[in-house]
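Working notes, beginning with the structure itself.
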Amino acid sequence: MTPSSDFATLYQELILDHAGAGEGRGETTGFQPQSHQVNPTCGDEITLGVRLIGDRIDEVRWHGHGCAISQASASLLTGLVAGSSIAEARELLARFREVMRSRGTLELDEATFGDAVALNGVSRYVARVKCAMLAWVALEDALDHAPDA
Amino acid sequence: MTPSSDFATLYQELILDHAGAGEGRGETTGFQPQSHQVNPTCGDEITLGVRLIGDRIDEVRWHGHGCAISQASASLLTGLVAGSSIAEARELLARFREVMRSRGTLELDEATFGDAVALNGVSRYVARVKCAMLAWVALEDALDHAPDA
Amino acid sequence: MPSEIETVALSEADVAAIRADFPILAERVNGHRLVYLDSAATAQKPEAVLDAEREFLIRRHAAVHRGAHTLAAEATEEFEDARAAVADFIGARADETVWTTNATAAINLIAYSLSNASSSAEFGRLALGPGDEIVTTEREHHANLIPWQQLAQRTGATLRHLPVDDDGALLLDELDGVVGERTRVLAFAHVSNVTGTLAPVSELVARARAVGALVVLDACQAVPQLPFDVRALDVDFAVFSGHKLYGPGGIGVLYGRRELLEAMPPFLTGGSMITTVTMERAEFLPPPQRFEAGTQPVSQVVGLAAAVRYLRGIGMDRVAGHGRGLGERMASGLAEIPGVRVIGNGERVGLVAFDLRGVHAHDVGQFLDDRGIAVRVGHHCAQPLHRRLGLTASVRASAAVHTTDCEVDAFLAAVADAAEFFERMR
Amino acid sequence: MPSEIETVALSEADVAAIRADFPILAERVNGHRLVYLDSAATAQKPEAVLDAEREFLIRRHAAVHRGAHTLAAEATEEFEDARAAVADFIGARADETVWTTNATAAINLIAYSLSNASSSAEFGRLALGPGDEIVTTEREHHANLIPWQQLAQRTGATLRHLPVDDDGALLLDELDGVVGERTRVLAFAHVSNVTGTLAPVSELVARARAVGALVVLDACQAVPQLPFDVRALDVDFAVFSGHKLYGPGGIGVLYGRRELLEAMPPFLTGGSMITTVTMERAEFLPPPQRFEAGTQPVSQVVGLAAAVRYLRGIGMDRVAGHGRGLGERMASGLAEIPGVRVIGNGERVGLVAFDLRGVHAHDVGQFLDDRGIAVRVGHHCAQPLHRRLGLTASVRASAAVHTTDCEVDAFLAAVADAAEFFERMR
Ligand SMILES: Cc1ncc(COP(=O)(O)O)c(C=O)c1O
Ligand SMILES: Cc1ncc(COP(=O)(O)O)c(C=O)c1O
């Protein structure tokens, strides 16, 4: 039996690749600000650190464990926000959250989100939105604790 | 509108008379053993004291407040157990409880219970059985605390 | 104050339509059509509530906040939508609305959380101890009295109370003497479940605010009868039971101001209220989950949301107008029956308790029941108030949205007949 | 021990008949017929339970132990008859059977009552304090762990635990070292909600008896799956949830030996659990009422009694035989799938949890859900056990009386396909 098309969209190749490769996965020592987040349903965790240069995000690093969706989302986030300003990252974050919570009614646009549009399928799975959000919530929390914030 | 026949049986004249007259109602000072019982649903209370001569019940006195059923039952009890032995009183008590809990399937017999058969109607009203039992439970508790018990 | 609440009456046709929603009203008791005047004890359920629960159970039932499968995800959504609906109904935010078993459990939650705060470094801000005072009133339901007695016992704080007058009204003159700088908690009922009259909420809240005390409002009899808004009332906590609000049993609500809930340690502990657990310790989720340990009564939550929708459909202004009209009809009708003493004065909701001189409440209740009229007899879980009024028990009739003037009149006639029947005993 | 329990299997025809009793099984999820393998989280309800509740609500609903009118009297009778039925189902007496919201609330009741005993002269016999020890195990549900952590924190007692081996089995070798003269309470699950295997109840109880400790049995996963008798097990307390026993949500059971319940102070306080109340203090009713404050969830109690009757109709020996067969089929089928690690060894009930190497439980669960198969993914409220097993999450499939071999096979096939699908990630 082959998976349904919805499932195939949710777990498209790009997601599985990102989950496997895990861009930005690594030690976060020395990365400040940091945030540790837990998904209480499954116990999944992420520690995400940001290296700032002025108000610009130089690099993001993270480690933890979680499902393919959460790992892919962390990986995609890493590439997406590197080099952006804090304000830009917050904008991405707000839009990402909005789309994820839209129950399938909104979509990420490719111009802004690039490969991360592969996560569009998640918003239809309410129970999985938290997975996709985990890294983003960690980023938000980290930025909230940035020296100037 | 006249009351139903069931109601008329429950509140027959004998019950109302006994409730009003209240045989044995009075101060219980000096009566030992004593018991104080409360019906938690309505807060009705009775204090019932027994004067024993040997293992014979010489006199019962009680005071408190309660509905017509409970007052009549206390009054009828007073006449019924005066002069009987503790063992006889316990037998009456056991049978009285059995009938009251029978949901209308058993009856007190007139030879043993005299006027107290007027309480037969109560056993059909589950919510009122506690009212009829209040004085009897107090008697039981008092006898349990009798010097020789 | 009651007179500030804008109300509209329900027409006879409205009430007739409402009655069709309550299947139990077709029942016969002792040969008579049931006249249910015990809604303040527990309300009957409209079909919409029963159907909502059953529909959930046969199509979507699953545990919430734990599962990832479709049923579980849908159930979780429905559960949180219901929270939003009930929160909105009382003017609260969803994250200030905690599910409990009933109002009793909600008050116990507050009281235990406060004593847990007293033995916790993390949550010490709300700690109570010797020298602190908790204030309640002489006319509270036992559910709003004993938990505070126990809290005082656990913490060494002192329990005080605002007394009532001969009519069961709160003695406002004593307020400043009783509620003072040491007062940490002021707990009182919005509507008394015995007198049916309203407490002067704004005066009490103002005094509590002036001395920095937390206000706990027992809204059990208010939420089903009046438009209710926690922000307008400006209370810190409010509690009520779903089963009195035409909803299922086993579900109640604790409203708490967000910043307070966040400062409070958990009460019940277990699954679904934690982030990280080791054998040694646990870290807790934010409210409301922090206070919702264990598998939640999801179908009951869904049923309560349906009840709230049902009441919205009628309109709480009309529910209140209807209740007020019935309350007045009962109280004034009773006052005309010789030997009857109506408990409580002033504007009331659709609830009245009374004493028939020389006749025990149980006997009156039995007489009414013989005609299919269900009223409550006893102390209504308010022994101190009854003692203060010189009574051990009273008869209480409480109306609902489905109660008619006709039913009230049958009730009044039955009380008059009971007075006559028991005349000889007086 | 499991092998001592006489079981009989259900025939295919039996199961087919049973399935017709569960309306939700006709639902379709993602285009497939629902295969509900999450009964250990919450069981689906047979129509008999739904009907019993509805019938009660539309004909006899009233508050119990408070009213004297006909409905109230009848509801009270039905409520107490239900208590007798549920008590009988577990080999207890009615007056040893206390209604609670769920198992979580029941364990909290014990834990809070014990700390209340510690601050009460009247109930001091059960007091706990520094030097006393409470013992639980490393494989408990959070509901049987955090309340004991909190009790230890409130009283100054020490919490210890019996560790498990690499398979999640209790290390009996350590028993005498962990449970000793200082042990006041030994709390453990009869059947683990993760491994699905049975604890060696008689050995644990014998040790507790030898040192005079109270035994608290978490019977949540046992009562729905096995013939269960508190006297035969010789435990002091047992707790379980109605919603896992095919009954309604919002109702659970605490069994307690009579003399213990009598020696325990109340937990929740309020109406219906008192004799005399003044503004200063309250006197409490004997058990079970002492522990049942507030309006009880009567329709849920009625529903739970219907669930128990339903299971009696099938026969618990057959329920157990069916569950065991399904559990074995699932465990042995899973063991054959490359990369699958089945958690726990030995005879099990109809419940199995597993890890698929390199693939997160959520992803496996989503794959199964795509085929309408509902399983539980996560830590199942047992983080310490998962941590001990080197996992953060696992997939759990749990069967019920309505589960068929066919469904188990569909589940096994789906897991095998998931293993293949996610191959690239490993
Ligand atoms: C072994 C065990 N104990 C306790 C619980 C808690 O039960 P509830 O959430 O119904 O209170 C559960 C189920 O969640 C369980 O499986
Ligand atoms: C004013 C008031 N407070 C508290 C309660 C307790 O509610 P419950 O028994 O539903 O917890 C009631 C009703 O019984 C009430 O009328």
Side-chain angles (χ1 to χ4, degrees), chain C residues 23-24 27 29-30 38 41-42 44-45 50 54 57-59 61-63 66-71 101-102 104-105 108 119 138 141-143 146-147 149-150 154 161 241 243 249-250 268-271 274 277-279 281-282 293-295 297-300 362 365 369 374 376-377 381 383-384, chain D residues 23-24 27 29-30 38 41-42 44-45 50 54 57-59 61-63 66-71 101-102 104-105 108 119 138 141-143 146-147 149-150 154 161 241 243 249-250 268-271 274 277-279 281-282 293-295 297-300 362 365 369 374 376-377 381 383-384:
Chain C
I24 203 168
E27 286 298 301
V29 169
N30 296 322
D38 198 16
T42 194
Q44 299 300 345
K45 323 298 171 210
L50 303 177
R54 190 180 179 103
L57 286 170
I58 68 174
R59 308 210 55 174
H61 171 250
R66 292 193 180 179
H69 57 77
T70 301
L71 281 188
T101 302
N102 51 25
T104 302
N108 277 273
S119 66
E138 205 176 4
H141 189 282
H142 295 160
I146 314 180
Q149 292 178 346
Q150 299 277 309
R154 287 195 301 275
H161 66 266
S241 290
H243 71 91
L268 301 177
T269 55
I274 52 84
V277 179
T278 63
M279 287 310 293
R281 67 187 306 277
T295 306
V298 190
S299 76
Q300 286 88 334
H362 256 188
D369 187 58
R376 176 87 184 274
V377 298
C381 300
Q383 284 186 8
Chain D
I24 203 170
E27 285 300 301
V29 169
N30 295 324
D38 197 16
T42 194
Q44 298 300 345
K45 323 298 171 208
L50 303 177
R54 191 180 179 103
L57 287 171
I58 68 174
R59 309 210 55 173
H61 171 250
R66 291 193 181 178
H69 58 77
T70 300
L71 282 188
T101 302
N102 51 25
T104 302
N108 278 275
S119 66
E138 205 176 5
H141 189 282
H142 295 159
I146 313 179
Q149 292 177 347
Q150 299 276 311
R154 288 195 300 274
H161 66 266
S241 289
H243 70 90
L268 300 177
T269 55
I274 52 83
V277 179
T278 64
M279 286 312 292
R281 65 188 307 277
T295 305
V298 189
S299 76
Q300 286 87 335
H362 256 188
D369 187 59
R376 176 89 183 273
V377 297
C381 301
Q383 283 186 8

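Quick note on labels: first sequence line is chain A, next is B, and so on, each numbered from 1.
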Highest number of heavy-atom pairs under 4.5 Å with chain C: which of D:Thr42, D:Thr104, D:Asn108? D:Asn108
All heavy atoms of D:Ala63 vs all of C:Ala41, minimum pair found to be CB-CB, 4.2 Å
With only heavy atoms counted, which part of C:Ser241 is less than 4.5 Å from chain D, the side chain, the backbone, both or neither? neither
Nearest atoms (heavy-atom pairs only) where C:Gly271 meets D:Cys381: CA-SG, 3.8 Å
Taking all non-hydrogen atoms of both residues into account, name the closest pair between C:Arg281 and D:Gln149 and its distance. N-NE2, 3.3 Å
Could you look at C:Val29 and say if it's the side chain, the backbone, both or neither that has a heavy atom under 4.5 Å from chain D? side chain
C:Ser119 and D:Arg154: which non-hydrogen atoms are nearest, and at how many Å? OG-CG, 4.5 Å
Sorted by chain and number, sequence neighbours left out, salt bridge (Lys or Arg N to Asp or Glu O under 4.0 Å) with C:Glu27 holds for D:Arg59
Counting heavy-atom pairs under 4.5 Å to chain D, which of C:Thr278, C:Asp369, C:Thr269 comes out on top? C:Thr269
Return the option, out of C:Ala374, C:Gly250, C:Ala62, with the maximum number of heavy-atom pairs under 4.5 Å with chain D. C:Ala374
At a 4.5 Å cut-off on heavy atoms, which part of D:His141 comes close to chain C: side chain, backbone, both, or neither? side chain
How long is the straight-line distance from CD1 of C:Ile274 back to CD of D:Gln383, given to the nearest 0.5 Å? 4.5 Å
Select one option (side chain, backbone, both, neither) describing which atoms of C:Ser299 are under 4.5 Å from chain D's heavy atoms. neither
Can you tell which of D:Ile58, D:Ile146, D:Val277, D:Val298 has the highest number of heavy-atom pairs within less than 4.5 Å of chain C? D:Val277
To the nearest 0.5 angstrom, please state how far the NE2 atom of C:His69 sits from the CZ atom of D:Arg376. 8.5 Å
Can you tell me how far apart CG (C:Asp38) and CG (D:Leu71) are? Round to the nearest 0.5 Å. 9.0 Å
Between OG1 of D:Thr70 and CG of C:Asn30, what distance do you get to the nearest 0.5 Å? 4.0 Å
Counting only non-hydrogen atoms closer than 4.5 Å, does C:His61 touch chain D with its backbone (N, CA, C, O), its side chain (CB onward), both, or neither? both
Taking C:Gln150 for its side chain and D:Leu268 for its backbone only, find out whether a donor-acceptor pair lies under 3.5 Å. no
Turns out that what part of C:Gln44 lies under 4.5 Å from chain D's heavy atoms comes down to both
Nearest-0.5 Å distance that lies between atom NZ in D:Lys45 and atom CG in C:Leu57: 7.0 Å
Donor-acceptor contact present, side-chain D:Asn102 to main-chain C:Thr295, <3.5 Å: yes
From C:Glu138 atom CD to D:Met279 atom CE, the distance as rounded to the nearest 0.5 Å: 6.0 Å
